[in-house]
S.K.: 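I have a structure here, written as structure tokens, and I will follow up with some questions on it.
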Amino acid sequence: DNATSTLSLGTDIPATTTISANTTWTLAGSPYRLIFNSVNHPTVALGAVLTILPGVKIIPQGGNYMALEIKGTLSAIATSGAPIIFTSIADADGLASTTPQKGDWLNITFSQGSQVNLDYVEFRYGGQGITLPLHEMVDIIGATININNSKFKNSQNTALHLMDSLGIVENSIFSDN
């Protein structure tokens, strides 16, 4: 048997990226590395749908600034055996030599009018900042939400902030935040 395992090199999502057409992030392209700075961050435009498939990892490349803004729709529907994971660079490689810390990355923001559909999604080691203004790992403002079977853990600050949003969060776990 000549079976070999393939390690994906992953996909860089530049800071100036605007997803304006329906787009799917696949396991073959994983991990997706979110690149951002004080001026720019990847954005899903109003009217566009970003679909993330089961087992995909999304890794913000550092902290201090918003890693991803959803103005349209995020559809991240996974399974218990293959969750979608947003996590720290230090958590993503699976190596014992790296130790993720709370606040390794700042946040993902869902803006006014966005749609949030999450099932079996995990958010880990975000929520950077212990001084005012405080920053949440997942910030949802004016959105329609449906969050199920998801985990929000190891945030340095508030794990999930909902404001002026409509929908449900159920069967989800918040731990060590």
S.K.: With side-chain contact (heavy atoms from CB on, under 4.5 Å) as the test, would you mind laying out the steps for I52 and F86 before giving the verdict?
M.R.: CA-CA 11 Å; I52 303 176; F86 288 79; 4.0 Å; yes

S.K.: Looking at every heavy atom in both P42 and A67, which two are closest together, and how far apart are they?
M.R.: CD-O, 3.3 Å

S.K.: Start with the C-alpha distance between R124 and D104, add both sets of side-chain angles, then the distance that settles salt bridge (charged side-chain N to carboxylate O under 4.0 Å, His left out), and finish with yes or no.
M.R.: CA-CA 9 Å; R124 307 176 184 164; D104 276 349; over 6 Å; no

S.K.: Could you go through the side-chain contact (heavy atoms from CB on, under 4.5 Å) check for N146 and I168 one step at a time?
M.R.: CA-CA 5 Å; N146 186 357; I168 61 167; 3.6 Å; yes

S.K.: For the residue pair N117 / D119, report whether a side-chain donor-acceptor contact shorter than 3.5 Å exists.
M.R.: no

S.K.: Between T17 (side chain only) and P14 (backbone N and O only), is there a donor and an acceptor less than 3.5 Å apart?
M.R.: yes

S.K.: Provide the closest heavy-atom pair for Q128 versus Q156 in the form atom of the first, atom of the second, distance.
M.R.: CA-OE1, 3.4 Å

S.K.: Kindly determine whether L53 and L27 satisfy side-chain contact (heavy atoms from CB on, under 4.5 Å), including the steps that lead there.
M.R.: CA-CA 7 Å; L53 297 182; L27 195 55; 5.9 Å; no

S.K.: Yes or no on side-chain contact (heavy atoms from CB on, under 4.5 Å) for V56 and Y32, after CA distance, side-chain angles and deciding distance?
M.R.: CA-CA 8 Å; V56 169; Y32 289 83; 3.6 Å; yes

S.K.: Do N157 and H135 pass the side-chain hydrogen bond (donor to acceptor under 3.5 Å, both in side chains) test, and can you show the C-alpha distance, the side-chain angles, and the key distance before you say yes or no?
M.R.: CA-CA 6 Å; N157 208 303; H135 297 287; over 6 Å; no

S.K.: Taking S75 for the side chain and T73 for the main chain, is one N or O donor matched with an acceptor at less than 3.5 Å?
M.R.: no

S.K.: Check whether any side-chain N or O of S150 sits under 3.5 Å from a backbone N or O of N148 as a donor-acceptor pair, and report yes or no.
M.R.: yes

S.K.: Quick one: do I147 and V121 end up in the same hydrophobic cluster if we chain Ile, Leu, Val, Met, Phe, Trp and Tyr together by side-chain heavy atoms under 4.5 Å apart?
M.R.: yes

S.K.: To the nearest 0.5 Å, what is the distance between OG (S111) and CD1 (I70)?
M.R.: 8.5 Å

S.K.: Over all heavy atoms of both residues, which pair between A78 and P83 is shortest? Give the atoms and the distance, please.
M.R.: CB-CA, 3.9 Å

S.K.: Is it true that Y120 and I140 fall in one hydrophobic cluster, defined by side-chain heavy atoms closer than 4.5 Å?
M.R.: no

S.K.: Linking I/L/V/M/F/W/Y whenever any side-chain heavy atoms sit under 4.5 Å apart, do I85 and F110 land together?
M.R.: no

S.K.: Any chance NZ of K71 has more than 12 other-residue heavy atoms, nucleotides or ligands included, within less than 6.0 Å?
M.R.: no

S.K.: Say you draw a straight line from CD1 of I13 to CD1 of I59; how long is it, rounded to the nearest 0.5 Å?
M.R.: 11.5 Å

S.K.: Rounded to the nearest 0.5 Å, what's the gap from CG on N40 to CD on E69? Could you check?
M.R.: 11.5 Å

S.K.: Between atom CZ of F36 and atom CG of L106, what is the distance when rounded to the nearest 0.5 Å?
M.R.: 7.5 Å

S.K.: Can you tell me how far CD of E122 sits from NZ of K57, rounded to the nearest 0.5 angstrom?
M.R.: 9.5 Å

S.K.: Indicate, with yes or no, if I84 and I145 share a hydrophobic cluster defined by side-chain heavy-atom contacts under 4.5 Å among Ile, Leu, Val, Met, Phe, Trp and Tyr.
M.R.: yes

S.K.: Considering non-hydrogen atoms only, spot the tightest contact between H161 and D139 and give its length.
M.R.: ND1-OD1, 2.6 Å

S.K.: With ring centroids as reference points, do F152 and F123 lie under 6.0 angstrom apart?
M.R.: yes

S.K.: Could you measure the distance from the CG atom of D12 to the CG atom of L9? Nearest 0.5 Å is fine.
M.R.: 10.0 Å

S.K.: Testing V138, L160, N177 one by one against S155 for a side-chain contact (heavy atoms from CB on, under 4.5 Å), which residue passes?
M.R.: N177

S.K.: In the single-linkage hydrophobic clustering (I, L, V, M, F, W, Y; side-chain heavy atoms under 4.5 Å), do I58 and V116 co-cluster?
M.R.: yes

S.K.: The criterion is salt bridge (charged side-chain N to carboxylate O under 4.0 Å, His left out); which residues satisfy it with K153, sequence neighbours excluded?
M.R.: none

S.K.: Can you tell me if D176 and N154 form a side-chain donor-acceptor pair at under 3.5 Å?
M.R.: yes

